[in-house]
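Heads up, the thing below is written out as structure tokens.
Quantities reported herein were computed from a predicted structural model and do not represent experimental measurements.
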Amino acid sequence: MKKHITFLFGLSLILLSALPIYAKKKDNGTVQLKSKEVNFKGDPNGRLTIANQTSEDVVIFVGRVEKSAVLGGVKANGNTVFDLKKVPGLPKSGSILVRVATYENYRGKARVTEDDVIYTGLVVYNLDDDTDRSTLSVFKGVDTQQQTCIYVSNESENFVLELRQDNPSQGEVIATLAPLTTNKRIYLAPREGGLMYDFYPTFVYVNPNTNERTSMNAGKTDRKRTRPQPVGGKITPIRFEGPGASSVGYDVAFINLANNTESSIEFRNAGEILADQKGERGTLSGGNSTYEIASLNGEDGQMYTALTMEFDDFSKKTVAPMKFKPGYVYELHITGMEGNYNYDIAEKGKKSLTADARISLFNE
């Protein structure tokens with residue numbers, strides 16, 4: 001059965017955090033735009049944290065910028081917490097692409113377009129879950145002056161493409177493309193010493209019925225290397241065909257961690273604090289998180305000997321040496337209190353996609 005993609009279209013939205021453009025005539029008859037106001041304070045009760053690693057103030061959009069759904073702003077090298085419940089018409093759960101433009105462009109142009117977007121990230125949310133938290137970081141290597149770029153195409157019908165730097169499964173996401181996006185301009189600053197960027201694709205499917213996220217990561221042979229070129233010059237686009245048309249497949253295992261203790265938990269591998277699928281580093285008391293760990297040794301799985309939970313009281317619990325198979329789901333339940341913690345882990349089977357798999361993205 002042919003797979004189809006369904007986009008959820010919304011009406012044009014303008015949040016209270018951004019006022020419309022006003023204009024006035026100068027003495028010489030020309031029109032001068034006033035600065036558009038943006039709320040940089042955020043909402044401490046929100047559950048989406050966006051960190052801005054660039055040196056420019058930025059404005060955050062929900063969905064395509066042409067929809068004018070402004071969430072607010074983030075100061076240079078700062079972070080802001082946003083409340084998605086304030087987005088009119090947003091479903092109770094689902095997926096959105098958050099787009100970022102510089103505040104300088106936003107306040108200085110009559111209309112911001114896709115070419116003004118300097119970063120895009122995927123957010124999967126559930127407004128009915130009080131423990132749901134997401135963190136997104138605007139890549140520090142973005143060229144905020146928009147002088148140099150690369151072009152990338154996501155030719156898959158059913159997957160969002162996350163472009164990772166340097167590592168196929170754990171690398172930082174430097175750009176995100178909606179399905180069937182062609183020749184997307186991605187602004188990147190040149191690396192020091194004329195080095196090229198190493199890119200690896202991660203294809204992400206989010207089940208619109210269950211909100212479950214599934215990632216299919218590239219292997220080392222799927223690496224694409226290039227360096228940014230001046231905008232307007234001759235640039236060869238990078239094409240990614242999708243997991244069904246390349247060697248891309250499962251090379252991670254999925255661990256669903258249920259924290260049934262009164263303590264927060266940091267999930268670590270050999271001392272490194274792991275980030276879950278939402279970018280959070282730690283699972284709160286009573287919370288659930290899904291972690292992806294590399295499984296690169298074929299169907300037999302990869303052995304892990306140092307997966308450890310650290311609790312508030314500094315006590316630790318290490319998972320006994322275990323192999324994790326690519327594409328398989330594991331349930332890890334943590335119980336106990338006051339230094340006496342226990343765990344139970346079980347393999348639940350391999351993830352699969354239905355024949356009519358599709359992804360819904362709000363305001364696309």
Side-chain angles (χ1 to χ4, degrees), residues 2-7 63-66 95 97-100 113-122 138-139 141-143 146-191 194-206 213-252 292 296 326-327 353 357-361 364:
K2 183 179 180 180
K3 297 181 181 179
H4 297 280
I5 181 170
T6 300
F7 288 109
R64 296 186 63 84
V65 294
E66 290 83 358
S95 307
L97 290 181
V98 171
R99 288 175 172 83
V100 180
T113 69
E114 186 68 20
D115 282 345
D116 296 305
V117 174
I118 63 170
Y119 185 80
T120 305
L122 174 67
V138 181
F139 179 56
V142 166
D143 178 14
Q146 298 170 272
Q147 299 298 308
T148 55
C149 70
I150 63 173
Y151 289 94
V152 179
S153 293
N154 174 18
E155 298 180 355
S156 66
E157 292 184 82
N158 302 287
F159 292 84
V160 169
L161 169 64
E162 291 184 337
L163 199 61
R164 295 184 179 273
Q165 179 188 10
D166 293 338
N167 186 289
S169 61
Q170 303 296 321
E172 185 173 6
V173 176
I174 68 169
T176 306
L177 283 73
L180 298 177
T181 298
T182 303
N183 294 342
K184 174 69 175 73
R185 184 185 295 173
I186 298 172
Y187 299 102
L188 288 176
R191 301 184 82 172
L195 294 174
M196 293 189 292
Y197 281 88
D198 287 21
F199 298 121
Y200 297 90
T202 293
F203 291 96
V204 181
Y205 163 71
V206 182
R213 170 181 167 137
T214 298
S215 300
M216 301 186 77
N217 295 323
K220 292 183 178 180
T221 58
D222 292 284
R223 180 179 68 170
K224 301 286 187 181
R225 293 190 298 174
T226 190
R227 61 173 59 91
Q229 301 294 323
V231 173
K234 185 178 180 180
I235 304 175
T236 301
I238 299 174
R239 297 171 53 235
F240 293 104
E241 299 179 13
S246 72
S247 59
V248 177
Y250 286 120
D251 71 345
V252 298
E292 298 178 8
L296 305 174
L353 297 175
R358 68 198 189 280
I359 186 169
S360 296
L361 295 168
E364 291 294 322

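- Considering CZ of Phe199 and CD1 of Ile186, their distance stands at 7.0 Å, rounded to 0.5 Å.
- Smallest separation of non-hydrogen atoms from Ile150 and Pro228: CG2-CA, 3.9 Å.
- In this structure, Arg239 places its CZ atom where only 12 or fewer heavy-atom neighbours from other residues, nucleotides or ligands lie under 6.0 Å away.
- With contacts defined as side-chain heavy-atom distances shorter than 4.5 Å, the pair Glu66/Thr113 qualifies.
- A distance-only check finds no donor-acceptor pair linking the side chain of Arg99 to the backbone of Thr120 [under 3.5 Å].
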Starting from the C-alpha separation in whole Å, work towards a yes-or-no answer on side-chain contact (heavy atoms from CB on, under 4.5 Å) for Val231 and Gln147. CA-CA 6 Å; Val231 173; Gln147 299 298 308; 5.7 Å; no
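- Applying the ring pair (Phe, Tyr, Trp, His ring centres under 6.0 Å) rule to Phe240 yields no partners; only residues at least two apart in sequence or on another chain are considered.
- At distances below 3.5 Å, not a single donor-acceptor pair connects side-chain atoms of Arg64 with backbone N or O atoms of Glu364.
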Give the C-alpha distance, both sets of side-chain angles, the deciding distance and a yes or no for side-chain contact (heavy atoms from CB on, under 4.5 Å) between Ile359 and Val160. CA-CA 8 Å; Ile359 186 169; Val160 169; 3.7 Å; yes
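- Between atom CD of residue Glu292 and atom OG1 of residue Thr214 there is a gap of 8.5 Å, rounded to the nearest 0.5 Å.
- A salt bridge links Arg213 and Glu162; the closest N-O separation between the charged side-chain nitrogens and carboxylate oxygens is under 4.0 Å.
- Separating the CG atom in Asn183 from the CG atom in Asn154 is a distance of 12.0 Å, to the nearest 0.5 Å.
- Checking side-chain atoms of Tyr187 against main-chain N and O of Val117 turns up no donor-acceptor pair under 3.5 Å.
- Using modelled atom types, no side-chain atom of Thr181 and backbone atom of Lys184 make a donor-acceptor pair closer than 3.5 Å.
- Thr182 OG1 to Leu177 CG: the interatomic distance, rounded to the nearest 0.5 Å, is 9.5 Å.
- Taking every heavy atom of both residues into account, Tyr119 and Val138 meet most closely at CB-CG1, 3.9 Å.
- The backbone N or O of Gly171 lies less than 3.5 Å from no partner atom in the side chain of Asp166, so there is not a single donor-acceptor pair.
- A salt bridge between Arg185 and Glu114 is absent, with no side-chain N of the basic residue lying under 4.0 Å from a carboxylate O of the acidic one.
- Panel note: side chain Arg164, backbone Thr202; no donor-acceptor pair is recorded below 3.5 Å.
- Shortest non-hydrogen contact noted between Pro190 and Thr148 is CD-OG1, 3.6 Å.
- Atom CZ of Arg191 is separated from atom CG of Asp198 by 7.0 Å, given to the nearest 0.5 angstrom.
- Here the shortest heavy-atom pairing between Tyr205 and Asn158 reads CD1-O, 4.0 Å.
- Checked options Thr176, Ile238, Val173, Ile174; the residue passing with Leu163 is Ile174 (criterion: side-chain contact (heavy atoms from CB on, under 4.5 Å)).
- The two residues Val206 and Ser95 make their nearest non-hydrogen contact at CG1-OG, 3.3 Å.
- The structure places CG of Leu180 at 10.5 Å from OG of Ser153, a figure rounded to the nearest 0.5 Å.
- Residues Ile235 and Tyr151 approach most closely at CD1-CE1, 3.6 Å, considering heavy atoms.
- Remark: the backbone N or O of Val204 is not paired with any side-chain donor or acceptor of Ser215 at under 3.5 angstrom.
- With hydrogens and angles disregarded, no donor-acceptor distance shorter than 3.5 Å links the side chain of Asp143 to the backbone of Cys149.
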